[in-house]
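The block underneath contains the structure these notes are about, expressed in structure tokens.
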Amino acid sequence: DAGVIQSPRHEVTEMGQEVTLRCKPISGHDYLFWYRQTMMRGLELLIYFNNNVPIDDSGMPEDRFSAKMPNASFSTLKIQPSEPRDSAVYFCASIQGATGFDEQFFGPGTRLTVL
Amino acid sequence: AQSVTQLGSHVSVSEGALVLLRCNYSSSVPPYLFWYVQYPNQGLQLLLKYTSAATLVKGINGFEAEFKKSETSFHLTKPSAHMSDAAEYFCAVSRSAGNQFYFGTGTSLTVIP
């Protein structure tokens with residue numbers, strides 16, 4: 001398995017533009033988490049899914065953020081419109097819950113810069 | 001509510017010296033506890049976890065951590081630091097399988113040759 005795949009790895013956009021981040025989890029994993037990491041706030045959970053269903057989206061900062069998981073092999077995080085304060089590294093994590101967290105892997109992240 | 005506090009945002013040790021990274025947790029239920037390592041420009045990698053089995057947990061790369069309920073601590077140790085251990089380390093707590101993780105603010109470990 002290639003591990004958790006995130007794309008793009010780097011994104012530079014201008015304020016007001018729509019940004020879509022993508023994540024392909026590890027096959028067979030039933031949990032998918034989206035995190036945001038900044039120097040100021042550290043790692044923040046944005047949303048997580050279980051079997052493609054959103055379980056907790058209380059970390060999504062505003063209505064500008066939305067996430068979907070249409071199937072077990074793909075998830076998107078969309079920001080519309082983007083703002084400079086959204087600049088951060090966004091991580092996707094894939095976990096097999098039945099293993100008691102033994103099987104958990106983070107993707108390499110997407111570094112987002114909003115100008 | 002669950003939370004973790006990592007004492008010391010920066011720790012420096014000499015190569016070959018003991019590594020001790022501190023983590024205290026707060027949890028209303030028996031917790032799951034984790035340590036992760038993050039190398040520059042990479043995602044987090046699980047080092048070890050505590051899930052109510054043995055209180056002394058051994059992880060990868062020679063690290064281990066001891067769950068001490070009386071002290072609400074889960075400190076990470078390694079007997080002898082290696083240059084390759086230089087990275088950011090995060091402690092995290094979760095209530096149970098299927099619940100979210102709460103991360104500490106991280107500790108940056110520097111290893112001095």
Side-chain angles (χ1 to χ4, degrees), chain A residues 2-7 9-10 21 23-26 29-60 67 88-111, chain B residues 1-10 21 23 25 27 29-54 57-60 63 65 67 74 87-108:
Chain A
V4 179
I5 300 173
Q6 291 188 248
S7 63
R9 292 295 309 276
H10 301 272
L21 311 181
C23 174
K24 177 177 169 53
I26 292 174
H29 284 193
D30 52 349
Y31 286 89
L32 186 141
F33 293 73
W34 280 101
Y35 288 92
R36 176 171 68 176
Q37 185 179 37
T38 62
M39 289 293 291
M40 292 297 292
R41 294 188 299 270
L43 273 160
E44 303 172 280
L45 176 68
L46 299 176
I47 185 171
Y48 75 97
F49 297 84
N50 177 218
N51 293 323
N52 315 335
V53 176
I55 302 301
D56 186 347
D57 66 353
S58 60
M60 297 286 263
V89 181
Y90 290 80
F91 290 103
C92 170
S94 168
I95 297 177
Q96 172 52 267
T99 64
F101 298 113
D102 279 340
E103 281 274 318
Q104 56 172 298
F105 297 93
F106 279 72
T110 295
R111 183 173 296 275
Chain B
Q2 289 77 44
S3 67
V4 292
T5 301
Q6 291 185 242
L7 300 176
S9 58
H10 298 275
L21 305 182
C23 174
Y25 70 90
S27 179
V29 297
Y32 290 79
L33 292 159
F34 308 82
W35 275 101
Y36 296 84
V37 61
Q38 184 180 31
Y39 297 102
N41 301 312
Q42 294 186 27
L44 277 70
Q45 180 182 3
L46 179 66
L47 275 178
L48 50 80
K49 67 179 176 69
Y50 167 78
T51 56
S52 75
V57 182
K58 294 186 183 299
I60 62 172
F63 284 94
F67 172 70
F74 190 58
E88 188 87 13
Y89 291 81
F90 292 91
C91 181
V93 64
S94 182
R95 189 175 64 192
S96 65
N99 275 271
Q100 65 163 292
F101 294 72
Y102 296 89
F103 283 88
T105 51
T107 297
S108 177

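Every chain is numbered from 1, with letters handed out A, B, ... down the list of sequences.
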Which residue pairs pass the salt bridge (Lys or Arg N to Asp or Glu O under 4.0 Å) test when at least one of the two sits in residues 42-54 of chain A, sequence neighbours left out?
A:Arg36-A:Glu44, A:Arg41-A:Glu44
Can you name the closest pair of heavy atoms from B:Asn41 and A:Arg9 and give their distance?
O-NH2, 3.7 Å
Counting the benzene-type ring for Trp, do B:Phe101 and A:Tyr48 have ring centres under 6.0 Å apart?
no
Quick one: what part of A:Gln6 sits under 4.5 Å from any heavy atom of chain B, side chain, backbone, both or neither?
neither
How long is the span from the CD atom in B:Glu88 to the CG atom in A:Leu43, to the nearest 0.5 Å?
9.0 Å
Rounding to 0.5 Å, atoms CZ (A:Phe105) and CG (B:Leu44) come to a distance of 13.0 Å
Between CZ on residue A:Phe106 and CD on residue B:Gln42, distance to nearest 0.5 Å:
13.5 Å
Below 4.5 Å from any heavy atom of chain A, which atoms of B:Gln45 appear? Answer side chain, backbone, both or neither.
neither
Look up atom NZ in B:Lys49 and atom CD in A:Gln104, then write down how far apart they are to the nearest 0.5 Å.
8.5 Å
How would you list, by chain and number, every residue that makes a side chain to side chain contact (heavy atoms under 4.5 Å, CB included) with A:Asn50, sequence neighbours excluded?
A:Asp30, A:Tyr31, A:Ile55
Ring centroid separation A:Tyr35 to B:Phe103 under 6.0 Å:
yes
